[in-house]
Structure formats: C-alpha cells, structure tokens
Amino acid sequence: MKLYQYAQRKTDSMLYQSYHFNTILSQTGDVKINYISLAPYDYAPKTEATIPKLLLIISGEGWIANSEGRIYVNFGEAVFWKAGEYVEFGSADGMTCISIEGFELSPDTWLQVLHKGTTSS
C-alpha cells in the first residue's frame, strides 16, 4: 500500500482564462472506474485486491487499514494497493471516493508520494 497526494494542481492558461489540472494517470489497456460513497460510520470490509487499485478521496475524510493500524486520509489524497494486498477503508463522517482498477496502473509516474504514519485501530 502506498499513499499519494493528487490535489496539488498545475496552472495553465488558454486564451485569457487560467485553469487548474493534475494528471491522475495515463493508461493503456482495460481499466475499471467506480464511484464510492460511504455514509457516516460505513466501511468497505477487508478484501484482497485481485488487481492494482487506486482510491482517490474526492470529499470527506476517513481511514485505510493495513497490518500496522489505521492511516487517516482526506480530500486530495490517494491510496494505491498492489494485487495481493488487503484493502479496507471506512469513514466516521462520510467519504466520497473514485476507485480506479487496472493491471498496468503506475501512479508513481503522475502523483506525489505522501508519507503518513499509522495509528492503532
């Protein structure tokens, strides 16, 4: 499992307007994209990732779990799991996410690695 930050945006301009963007990924091959909305005190139970998965937190805040405990995540952060790693996440206040799954995901190319510590669950 690896944590990233995606909310830092690049600014460019087109004619007289500025706009902000940040590349999340550039993908060849099959990819599956899911919208996930967790209600307060909801969670996705522990499952094994069968293919690489990138979870983008687009609103709210919550937690992800690994063998060492929980890591708290919020808007602008992303989590990447390799195939075979265990996936578990939830939220006390509600959280909205986009899940991207694909065999050739490589978020290191586009996203900034984020270092956070765990807390006991």
Side-chain angles (χ1 to χ4, degrees):
M1 178 178 69
K2 214 175 208 184
L3 294 170
Y4 295 91
Q5 181 171 1
Y6 74 87
Q8 289 191 357
R9 299 176 178 195
K10 302 169 189 168
T11 302
D12 207 343
S13 62
M14 179 178 266
L15 296 174
Y16 303 106
Q17 298 289 327
S18 292
Y19 64 95
H20 305 283
F21 70 96
N22 192 11
T23 302
I24 302 297
L25 65 93
S26 179
Q27 178 73 28
T28 57
D30 291 337
V31 66
K32 179 180 175 183
I33 300 173
N34 295 304
Y35 171 85
I36 301 169
S37 179
L38 296 176
Y41 301 103
D42 201 0
Y43 72 101
K46 185 176 181 178
T47 59
E48 184 177 345
T50 55
I51 61 175
K53 174 189 272 244
L54 181 65
L55 185 73
L56 305 167
I57 315 311
I58 59 172
S59 73
E61 59 187 16
W63 52 266
I64 54 171
N66 64 17
S67 60
E68 299 171 11
R70 288 184 176 178
I71 301 171
Y72 289 88
V73 293
N74 55 49
F75 164 76
E77 296 175 352
V79 186
F80 178 69
W81 291 275
K82 296 179 197 173
E85 292 185 302
Y86 284 96
V87 176
E88 183 179 14
F89 57 94
S91 177
D93 300 320
M95 181 170 69
T96 305
C97 311
I98 298 291
S99 168
I100 303 170
E101 299 174 338
F103 287 106
E104 299 177 25
L105 293 182
S106 57
D108 282 337
T109 306
W110 305 101
L111 301 178
Q112 175 185 345
V113 175
L114 183 63
H115 300 282
K116 283 186 158 186
T118 59
T119 62
S120 59
S121 44

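The analysis underlying the following values was restricted to heavy atoms, covering all of them including side chains, and did not include hydrogens, waters or symmetry mates.
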For this session: List for me each residue that meets side chain to side chain contact (heavy atoms under 4.5 Å, CB included) alongside L114, sequence neighbours excluded, and say none if there are none.
Result: L3, Q5, E77, K116
From [atom1] ([X]) to [atom2] ([Y]), nearest 0.5 Å:
| X | Y | atom1 | atom2 | result |
| --- | --- | --- | --- | --- |
| I33 | S99 | CD1 | OG | 9.0 Å |
| I57 | Y72 | CD1 | OH | 13.5 Å |
| C97 | L56 | SG | CG | 8.5 Å |
| F80 | I100 | CZ | CD1 | 11.0 Å |
| I64 | F89 | CD1 | CZ | 10.0 Å |

Exercise. Who are the salt bridge (charged side-chain N to carboxylate O under 4.0 Å, His left out) partners of K82, not counting sequence neighbours?
Worked result: none
For this session: Taking salt bridge (charged side-chain N to carboxylate O under 4.0 Å, His left out) as the test, write out the residues that go with D108, two or more places apart.
Result: K2
Exercise. Any side-chain heavy-atom pair from L55 and V73 closer than 4.5 angstrom?
Worked result: no
Problem set entry | Heavy-atom side-chain proximity of V79 to I71 below 4.5 angstrom | no
For this session: Please name the pair of heavy atoms, one in A49 and one in V87, separated by the smallest distance, quoted to 0.1 Å.
Result: CB-CG2, 3.8 Å
Problem set entry | Over all atoms of both residues, closest heavy-atom pair of T50 and A83 | O-CB, 3.6 Å
Problem set entry | Pairs touching residues 83-98 that satisfy side-chain hydrogen bond (donor to acceptor under 3.5 Å, both in side chains), sequence neighbours left out | S59-T96
For this session: Determine whether M95 and Y41 fall in the same hydrophobic cluster, where Ile, Leu, Val, Met, Phe, Trp and Tyr are linked whenever their side-chain heavy atoms lie under 4.5 Å apart.
Result: no
Exercise. Can you name the side chain to side chain donor-acceptor pair (under 3.5 Å) partners of S37, sequence neighbours left out?
Worked result: none
Problem set entry | Pairs flagged by salt bridge (Lys or Arg N to Asp or Glu O under 4.0 Å) wherever residues 42-58 is involved - sequence neighbours left out | K53-E101
